[in-house]
Visitor: 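To start, I am sharing the structure in question, which I have written as structure tokens.
Just so it is clear: chains get the letters A, B, ... in the order the sequence lines come, proteins before strands, and each one is counted from 1.
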Amino acid sequence: MKRAPTFMDRKDLLALATVAVILLIVFPALLDGFRLNLVGKYLTYAFVAVGLVLCWGYGGILSLGQGVFFALGGYGMAMYLKLEASSVENTKIQSTPGIPDFMDWNQITELPLFWQPFHSFPLTLILIVLAPALFAFVIGSAMFKRRVSGVYFAIITQALAAIATILIIGQQGYTGGVNGITDLRTLHGWDIRTDQAKFILYFVNAALLLGVVVAAMFVRDSKLGRILVAMRDKEDRVRFSGYSVANFQIFVFCLAGVFAAIGGAMFTLQVGFMSPSLVGIVPSIEMVIFTAVGGRLSILGAIYGTLAVNFAKTSLSESFPELWLLGLGGLFIAVVAVFPNGLAGLWRDYAQPFIDKALKLRSVDPADPGAEVAKQAAAAAE
Amino acid sequence: MTPIGAQPTPFLLSVEGLTVSFDGFKAVNDLSFYVDENEIRVIIGPNGAGKTTVLDLICGKTKATAGSITFRDKELTRMSESQIVLAGVGRKFQTPSIYEDLTVFENLEISYPRGRSVWGALTFKRDAAVRERVAEVAEIIFLKDKLHERGAFLSHGQKQWLEIGMLLIQEPDLLMLDEPVAGMSVSERIKTAELLRTIIKDRSVLVIEHDMKFVEDIAHKVTVLHQGRILSEGSMEKVQSDPKVIEVYLGH
């Protein structure tokens, strides 16, 4: 029940090591290239879910617009890749060579100013982190300084997701419209479409995710993490203990936004396109559901939750495409009504005591990898 | 009625011409009073007299419509809540306001006056100074054995003590307590009176309380509020014998 007071204690390390083994060894060993790439795609959503654990689970700030931040990272990376794929040589049949094809189709004859920085790879990387942080800072300052919170904040972020989708689809010439930015080929001259590149990108993605998890654990175990919990419970008491509550809310919202953007950028690299279908209300809410299923107070649970829901989505929507959305809705209701602490909570309440007993009796059954997965989810959940 | 502004005063806290109106209803109406260094002032009065509103105004929870509140030459009406805390004003709420999901230790630690910025909180180290101070305060508030208990599992009285402890660790120069013994059992009440006597040393205290026995026990001076105005002010004996006070509050 009690959260670890110190950063990276034994329990955390063990849980993190298990996730690392699953992501870096078990999946690559068991899955073929196509399935591994699919898992890599799922894991990009886990970046968002980890951010939501801090922001929503700990800070009590429910954002239904995380897709916007995912898009900021994803589009940033896509713009860089698109510019590289749109060299004058590659696009010589266009009426204006050297600009992305969709701009040419939309009678745009000059690269817009906001696309210019994405010629540079370092600048692209900086913007992938900076743009969402800045955007979250502006939105956060506008809301939290005015003490907008709870349901009102959720509704406003949801509106942001809707606005972002409408804007992207409406400004076809600048954004690629409803199709998104497609036909991406090379990253700094390295072809990202080959099987080998996808394999490497999977590991880069997994390593970045583990890095984000460690950063999230650091925040959770710092005094800032405890202040987030305190704010969720008694905002006024924190305020009258000398803290500027709004600054802490802005910080955690920015952090969740940056995490989401890194995931978005990795999505573009692994999947090879970015489109508004990943920005709007539905994907934003799906990401909240991943977090809830994993257990909203469990950083590693967010990863298990994301994987579990997406595996279910893929297998269900392959056989019964119409039923998936119903299933997702049902799952969300089940999480809220039956197991509010998600997989992590289920593990903690039912499996952990059993395992603890088994460990004490020194009769461990090592043959159950499923239990191991859930155990780690729970270990991270306080 | 006009704000006097931040002039140096010999008082720790000067409230002058303070008025707040909610949709035309003046909850506090042209109120003036002064609190000395190391003074214990009790505010009493019937329900709806504006007692809690006065504390809300001083700590910045409610913004004044007119008037000024000067604390150590600082004009509080223009400062944010957290700035007012940093200036040295601590506030205890009427219902115990503690963090249920955190342990007693963590509750106290959050109020420890260090690392209050975002960066400061991220890099905050739980060093020996923090641990010693928390242990010291936990002893004073009778929660030494409960340091690792979650706030949710404390009794009502223990929660009240914990919140007092959170204020104590903050080291305020002015401590404001809103009904610190309300809802307590007799034995808890006695312990709380003892606790308050320890913590009010070397600081000024502003207390709202209904328990007249308790008021008599601790007050240096009593201010009686009625309908947002001062009805009477002075020593306990003076106030108790004031016919106006007997009429509206103390009863016959």
Visitor: How many angstroms lie between atom CG of A/Asn247 and atom CH2 of B/Trp119, to the nearest 0.5 angstrom?
Guide: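 One finds 15.0 Å between CG of A/Asn247 and CH2 of B/Trp119.
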Visitor: Heavy-atom count check: over 12 atoms from other residues, nucleotides or ligands less than 6.0 Å from B/Phe142 CZ?
Guide: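 Atom CZ in B/Phe142 is packed in, count exceeds 12.
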Visitor: Closest heavy-atom contact between B/Ala121 and A/Phe248?
Guide: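 It is CB-CE2, 3.7 Å.
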Visitor: For A/Tyr243 and B/Ile110, run side chain to side chain contact (heavy atoms under 4.5 Å, CB included): C-alpha distance rounded to whole Å, both residues' side-chain angles, the deciding distance at 0.1 Å, then the answer.
Guide: CA-CA 9 Å; A/Tyr243 295 93; B/Ile110 284 183; 3.6 Å; yes
Visitor: With a 4.5 Å limit on heavy-atom distance, are the side chains of B/Lys61 and A/Asp236 in contact?
Guide: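 Yes, their side chains come closer than 4.5 Å.
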Visitor: Go through the atoms of A/Phe251 and report whether side chain, backbone, both or neither lie under 4.5 Å from a heavy atom of chain B.
Guide: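 It is the side chain, since no backbone atom gets that close.
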Visitor: Taking atom CZ of A/Arg239 and atom SG of B/Cys59, what is their separation to the nearest 0.5 Å?
Guide: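 Answer rounded to 0.5 Å: 11.0 Å.
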Visitor: With a 4.5 Å limit on heavy-atom distance, are the side chains of A/Phe218 and B/Leu122 in contact?
Guide: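 Yes, their side chains come closer than 4.5 Å.
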Visitor: Run the salt bridge (charged side-chain N to carboxylate O under 4.0 Å, His left out) test on B/Glu81 and A/Arg147 for me, step by step, so that the C-alpha distance in whole Å, both residues' side-chain angles and the decisive distance to 0.1 Å come before the verdict.
Guide: CA-CA 13 Å; B/Glu81 295 98 325; A/Arg147 314 247 162 112; 3.0 Å; yes
Visitor: In Å, rounded to the nearest 0.5 Å, how long is the span from CZ of B/Arg91 to OG of A/Ser241?
Guide: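 Spacing of CZ (B/Arg91) from OG (A/Ser241) equals 12.0 Å.
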Visitor: Please state whether the side chain, the backbone, both or neither of B/Gln170 comes within less than 4.5 Å of a heavy atom of chain A.
Guide: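 Looking at B/Gln170, just its side chain touches chain A.
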Visitor: When heavy-atom pairs shorter than 4.5 Å are enumerated against chain A, which of B/Lys125, B/Glu109, B/Met166 gives the highest number?
Guide: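 The answer is B/Glu109.
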Visitor: Could you look at B/Gln83 and say if it's the side chain, the backbone, both or neither that has a heavy atom under 4.5 Å from chain A?
Guide: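 Looking at B/Gln83, nothing touches chain A.
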Visitor: Closer than 3.5 angstrom, by distance alone: can the side chain of B/Tyr99 be matched with the main-chain N or O of A/Ile227 as a donor-acceptor pair?
Guide: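 Checking the backbone N and O of A/Ile227 against the side chain of B/Tyr99, no donor-acceptor pair under 3.5 Å is found.
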Visitor: Whether the side chain of A/Lys223 engages the backbone of B/Phe124 through a donor-acceptor N/O pair (distance < 3.5 Å, no angle test) should be reported.
Guide: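 A pair under 3.5 Å: no.
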Visitor: Chain A heavy atoms under 4.5 Å from B/Leu167: which part of the residue, side chain, backbone, both or neither?
Guide: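 The side chain, not the backbone.
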Visitor: Drop me the distance from A/Lys234's NZ to B/Leu102's CG, to the nearest 0.5 angstrom.
Guide: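 One finds 10.5 Å between NZ of A/Lys234 and CG of B/Leu102.
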Visitor: Which pair of non-hydrogen atoms, one from A/Leu224 and one from B/Val118, has the smallest distance, and what is that distance?
Guide: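 Shortest heavy-atom separation between A/Leu224 and B/Val118 comes out as CD1-O, 3.5 Å.
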Visitor: Can you tell which part of A/Val245 gets under 4.5 Å to a heavy atom of chain B, answering side chain, backbone, both or neither?
Guide: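 Answer is neither: A/Val245 stays 4.5 Å or more from chain B.
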Visitor: How long is the straight-line distance from CG of B/Asp56 back to CZ of A/Phe240, given to the nearest 0.5 Å?
Guide: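 Answer for the CZ-CG pair, A/Phe240 versus B/Asp56, is 7.0 Å.
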Visitor: For B/Ser80, is it the side chain, the backbone, both or neither that has a heavy atom under 4.5 Å from a heavy atom of chain A?
Guide: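 The answer is neither part of B/Ser80.
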